[in-house]
Amino acid sequence: MEERSYVETARRDKRAALEAAGVPAFAYRYDRTHSVAEARALFRDDMGDEGPVVSLAGRIARRAPQGKTTFLDLEDGSAKIQLYLRRDELGEHYQMLEHLDLDDHVGVRGRLFRTQRGELSLRPTEVTLLAKSLRPLPRGKTQATEEGAVTYGDLSDPEVRYRQRYADLAVHPEVRDVFRQRARAISWIRRFLDERGFLEVETPILQPLYGGAAARPFVTHHNALDTELYLRIADELYLKRLLVGGLERVYEIGHDFRNEGMDRTHNPEFTMLEVYQAYADYTDMMTLTEAMVAGVIEHCLGTRILERGGVTLDFTPPFRRVSFIEGVRAGCGLDLRTAPEEDLRRVVTDAGEPADAAREMGGGKLQDEVFKVVLEPHLVQPTFVLDYPKPLSPLAKEHRGDPALTERFELFVGGRELANAFSELNDPDDQRRRFEDQARQRAAGNEEAHAFDADYIRALEYGMPPAGGMGLGIDRLMMVIADQPSIRDVILYPAMRPEEG
RNA sequence: GGGGGCGUAGCUCAGCUGGUAGAGCAAGGGACUUUUAAUCCCUAGGUCGUGGGUUCGAGUCCCACCGCCCUCACCA
């Protein structure tokens with residue numbers, strides 16, 4: 001049994017006292033007439049002491065008993081309001097107040113008015129305990145200053161904030177706002193796609209073969225089938241099968257799982273949007289992505305121009321476009337298609353990468369590294385990087401103008417990848433060769449190489465229409481929209497090591 | 001995985017070259033009928049992350065472990 005702090009003991013004593021007096025500590029329901037924000041909006045200054053009567057429910061966020069008068073702050077999901085309680089107006093209810101604590105849920109009914117100090121308040125004639133708080137929330141104390149509210153002694157330990165998100169949310173209205181904004185953004189994206197004829201679908205998370213990206217998977221086991229299953233690393237291959245089946249525009253918003261490192265921009269499970277459109281190519285995807293990203297930002301923030309970390313980001317379409325090859329050439333003078341690998345390695349090591357790591361690189365890996373060093377850090381404004389070298393893009397169609405490249409783009413913002421799209425490879429024989437190549441890499445020890453997916457090849461053989469496909473990391477988009485520096489701040493329950501080792 | 005930092009009361013933190021713990025807020029008692037971080041008086045509250053070691057003596061020094069943060073690497 002966990003030992004209780006003296007604070008909790010005091011609260012339990014109060015609970016017992018209330019229950020002994022016939023006051024239930026945990027009520028069943030309460031009819032409120034307004035949210036606190038709605039109630040605040042009802043009041044007009046010409047009402048004087050005769051404001052409307054409302055019923056509100058929420059937590060006690062401040063307690064300031066003053067003898068025959070008690071001030072409480074009541075906070076619900078929308079806002080805070082001060083309660084002004086008088087013994088001569090509450091009668092026997094007033095005795096109950098001394099058994100109420102910070103954080104208790106209460107319902108109150110009374111008239112709105114403005115105090116002499118000018119604070120919009122509620123003057124309750126009834127107070128109902130709705131739920132006792134037996135453990136104090138880690139609240140700070142808020143003071144109004146000339147520059148706005150300042151909170152002292154506030155919960156700040158990131159570990160506690162992520163592990164006990166309920167407490168973090170309860171004491172930080174601004175954290176609740178981040179997740180409200182997230183919900184608004186996602187529902188706007190659904191509407192955007194629905195209006196354009198895209199069908200929202202759900203594909204398997206448990207998969208016998210994983211694919212669609214280069215990543216190590218989580219492995220699990222199905223008892224009844226006695227078989228290994230993988231948590232998906234991407235939706236791609238299942239969604240493209242639907243194009244074969246005649247669902248011409250599909251999308252999915254769901255979690256992918258990648259069994260790799262975690263940091264400020266990576267959580268092991270994360271929310272991905274994938275969109276596929278038949279008879280379209282990557283230029284159509286670029287238009288779609290631009291409209292969607294600019295639209296959702298404008299919907300959430302009311303503007304397309306954002307200040308982020310001292311930099312002004314302008315999401316007004318059209319976004320900048322930079323060719324992968326040209327961008328690298330402008331950055332280091334080398335043409336990735338023709339430059340000797342030695343020269344590419346020198347670019348990488350000159351940028352501070354360890355020489356021995358660079359020596360082991362070759363082919364696509366080396367090209368990717370050159371890009372990361374030369375171009376990626378400069379992609380601050382929303383920028384499409386176009387036409388990736390073929391070795392980097394095993395699921396993308398060969399570029400119609402250059403067999404060394406693929407028709408692919410990635411969208412970068414603030415130096416980070418936000419979206420990835422191609423003209424989808426739909427030639428089953430080509431795809432088979434690429435899978436075979438991946439199988440060879442896998443046999444050579446590359447854990448991230450694709451498995452050979454015979455069923456997917458079979459689907460392509462039936463004939464997949466030409467299509468554009470796009471994937472967008474919802475969490476990273478939310479980091480931009482909500483101006484949060486860590487992916488953990490836009491995920492309600494980020495991955496953490498289990499407590500107690 | 002490498003490097004750096006952190007872990008002390010319910011919360012935020014202080015604690016020097018080692019001498020067995022402090023503050024503010026929160027809590028309990030008292031005063032107070034318009035407060036705004038209310039104020040004033042009093043009181044209580046701690047296996048100093050865990051386990052070893054050095055020492056007459058460890059929150060402090062050493063070692064190991066656990067957890068979190070930052071950073072590099074890997075990746076995405």
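Lettering follows sequence order; numbering is per chain, from 1. These numbers come from the heavy atoms of this one structure, side chains and all, not from hydrogens, waters or symmetry mates.
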| task | Rounded to the nearest angstrom, tell me the gap between atom CD in A/Glu274 and atom P in B/rA76. | result | 15 Å
| request: Could you say whether A/Arg114 or A/Glu260 is positioned toward the 5' end of RNA chain B, judged by the nucleotide with the nearest heavy atom to each? | output: A/Arg114
| request: Check whether any side-chain heavy atom of A/Arg161 lies under 4.5 Å from a side-chain heavy atom of A/Arg488, and answer yes or no. | output: no
| field | Any A/Arg497 side-chain nitrogen or oxygen under 4.0 Å from OP1 or OP2 of B/rC68 | value | yes
| Do we see a donor-acceptor contact under 3.5 Å between the side chains of A/Gln82 and A/Thr115? | no
| query | B/rC13 pairs with which nucleotide, Watson-Crick or G-U wobble, both distances below 3.5 Å? | reply | B/rG22
Output a table of nitrogen or oxygen pairs between the protein and nucleotides 12-14 of chain B separated by less than 3.5 Å.
none

| remark: Taken to the nearest whole Å, CG/A/Asn420 to C1'/B/rC75 is 15 Å
| query | With rounding to whole Å, what would you report as the distance between B/rU54 and B/rA37 at their C1' atoms? | reply | 46 Å
| task | Mind checking A/Arg416 for me? I need base, sugar-phosphate or nothing, with any heavy atom below 4.0 Å counting as a touch. | result | nothing
| field | P-based separation of B/rC68 from B/rG28 [nearest Å] | value | 34 Å
| request: State, with a plain yes or no, whether a side-chain heavy atom of A/Arg345 is found less than 4.5 Å away from one of A/Glu341. | output: yes
| request: Apply salt bridge (charged side-chain N to carboxylate O under 4.0 Å, His left out) to A/Arg241 and A/Asp453, showing your working. | output: CA-CA 12 Å; A/Arg241 283 171 168 95; A/Asp453 191 336; 3.2 Å; yes
| task | Take A/Tyr84 and A/Arg476, find for each the nucleotide of RNA chain B with the closest heavy atom, and name the residue whose nucleotide sits nearer the 5' end. | result | A/Tyr84
| So what does A/Asn267 touch, heavy atoms closer than 4.0 Å: a base, only the sugar-phosphate, or nothing? | base
| message | In whole Å, measure the gap between the P atoms of B/rC48 and B/rA58 for me. | response | 12 Å
| said: Whether the side chain of A/His93 engages the backbone of A/Val127 through a donor-acceptor N/O pair (distance < 3.5 Å, no angle test) should be reported. | reply: yes
| said: Any donor-acceptor pair, under 3.5 Å, between the side chain of A/Gln82 and the base of B/rU35, if you only look at N and O atoms? | reply: yes
| task | From the options B/rC11, B/rC68, B/rU36, select the nucleotide whose nearest atom is closest to the side chain of A/Arg62. | result | B/rU36
| At under 4.0 Å between heavy atoms, what does A/Gly140 touch on the DNA or RNA strands: base, sugar-phosphate, or nothing? | nothing
| Which part of the nucleic acid, if any, lies within contact of A/Ala213, taking any heavy atom under 4.0 Å across all strands shown: a base, the sugar-phosphate backbone alone, or nothing? | nothing
| note | For B/rA58, the nucleotide meeting Watson-Crick or G-U wobble distances (both under 3.5 Å) is none
Dump the pairs, protein N or O against N or O of nucleotides 26-30 of chain B, anything under 3.5 Å, distances to one decimal.
| residue | atom | partner | partner atom | Å |
| --- | --- | --- | --- | --- |
| B/rA26 | OP1 | A/Lys141 | NZ | 2.3 |
| B/rA26 | N1 | A/Tyr6 | OH | 3.1 |
| B/rG28 | OP1 | A/Lys14 | NZ | 2.2 |

| Which is it for A/Arg176 and A/Glu75 under the salt bridge (charged side-chain N to carboxylate O under 4.0 Å, His left out) test, yes or no, and what are the steps along the way? | CA-CA 13 Å; A/Arg176 299 200 290 267; A/Glu75 180 179 30; 3.5 Å; yes
| query | Side-chain donor or acceptor of A/Arg86 under 3.5 Å from a matching atom on the base of B/rU33? | reply | yes
| query | Whole-Å distance between B/rC68 C1' and A/Met262 CE? | reply | 11 Å
| said: Measuring to OP1 and OP2 of B/rC11, would you say a side-chain N or O of A/Arg139 lies under 4.0 angstrom away? | reply: no
| said: Can you see whether A/Thr406 engages A/His399 through a side-chain donor-acceptor pair at a distance of less than 3.5 angstrom? | reply: no
| field | A/Gln164 CD - B/rG10 P separation (whole Å) | value | 13 Å
| query | For A/Glu376 and B/rA76, what is the distance between atoms CD and C1' respectively, to the nearest whole Å? | reply | 10 Å
| message | How many whole angstroms separate atom CZ of A/Arg87 from atom C1' of B/rU34? | response | 16 Å
| Between A/Tyr251 and A/Asp235, a side-chain donor and acceptor under 3.5 Å | no
| field | Minimum-distance nucleotide (side-chain atoms of A/Asp263 versus B/rG10, B/rC74, B/rA76) | value | B/rC74
| request: Identify whether NZ of Lys or CZ of Arg in A/Arg165 sits under 6.0 Å from the centre of the six-membered ring of A/Tyr493 and within 45° of that ring's axis. | output: no
| Nearest listed nucleotide, side chain of A/Phe71, among B/rU34, B/rC75, B/rU36 | B/rU34
| said: Could you tell me how far B/rC74 sits from B/rU60 if I compare only their C1' atoms? Round to whole Å. | reply: 38 Å
| query | A/Thr115 near the nucleic acid: base, sugar-phosphate alone, or nothing, with a heavy-atom cut-off under 4.0 Å? | reply | base
| request: To the nearest Å, give me how far apart CG (A/Leu97) and P (B/rC32) are. | output: 16 Å
| remark: Answer for the Watson-Crick or wobble partner of B/rG1, both distances under 3.5 Å, is B/rC72
| task | Kindly point out which of B/rG67, B/rC69, B/rU36 is positioned nearest to the side chain of A/Tyr162? | result | B/rC69
| task | Report yes if the side chains of A/Ile81 and A/Leu112 come closer than 4.5 Å at any heavy-atom pair, otherwise no. | result | yes
| Among B/rC70, B/rU33, B/rU35, which nucleotide sits nearest the side chain of A/Lys68? | B/rU33
| Quantified in whole Å, what is the P atom distance between nucleotide B/rA64 and nucleotide B/rG5? | 14 Å
| Expressed in whole Å, how much space separates the C1' atoms belonging to B/rU20 and B/rG3? | 35 Å
| Any idea which of B/rC69, B/rC68, B/rU35 is nearest the A/Arg488 side chain? | B/rC69
| said: What I'd like to find out is whether the side chain of A/Phe71 reaches to under 4.5 Å of the side chain of A/Glu119, using heavy atoms alone. | reply: no
| message | Nearest whole Å is fine: how far is B/rC72 P from A/Glu369 CD? | response | 13 Å
| Going by atom types alone, do A/Ser78 and A/Asp76 pair a side-chain donor with an acceptor below 3.5 Å? | yes
| said: Distance check, P atoms only: B/rG59 and B/rU50, in whole angstrom units. | reply: 11 Å
| remark: If pairing means Watson-Crick or G-U wobble with both distances under 3.5 Å, then the partner of B/rA64 is B/rU50
| request: Go through the side-chain N and O atoms of A/Tyr276 and A/Glu274 and say whether any donor and acceptor fall under 3.5 Å apart. | output: yes
| message | With rounding to the closest Å, how many angstrom separate the P atoms on B/rC63 and B/rG2? | response | 16 Å
| message | Please name the nucleotide paired to B/rU39 by Watson-Crick or G-U wobble geometry with both distances under 3.5 Å, or report none. | response | B/rA31
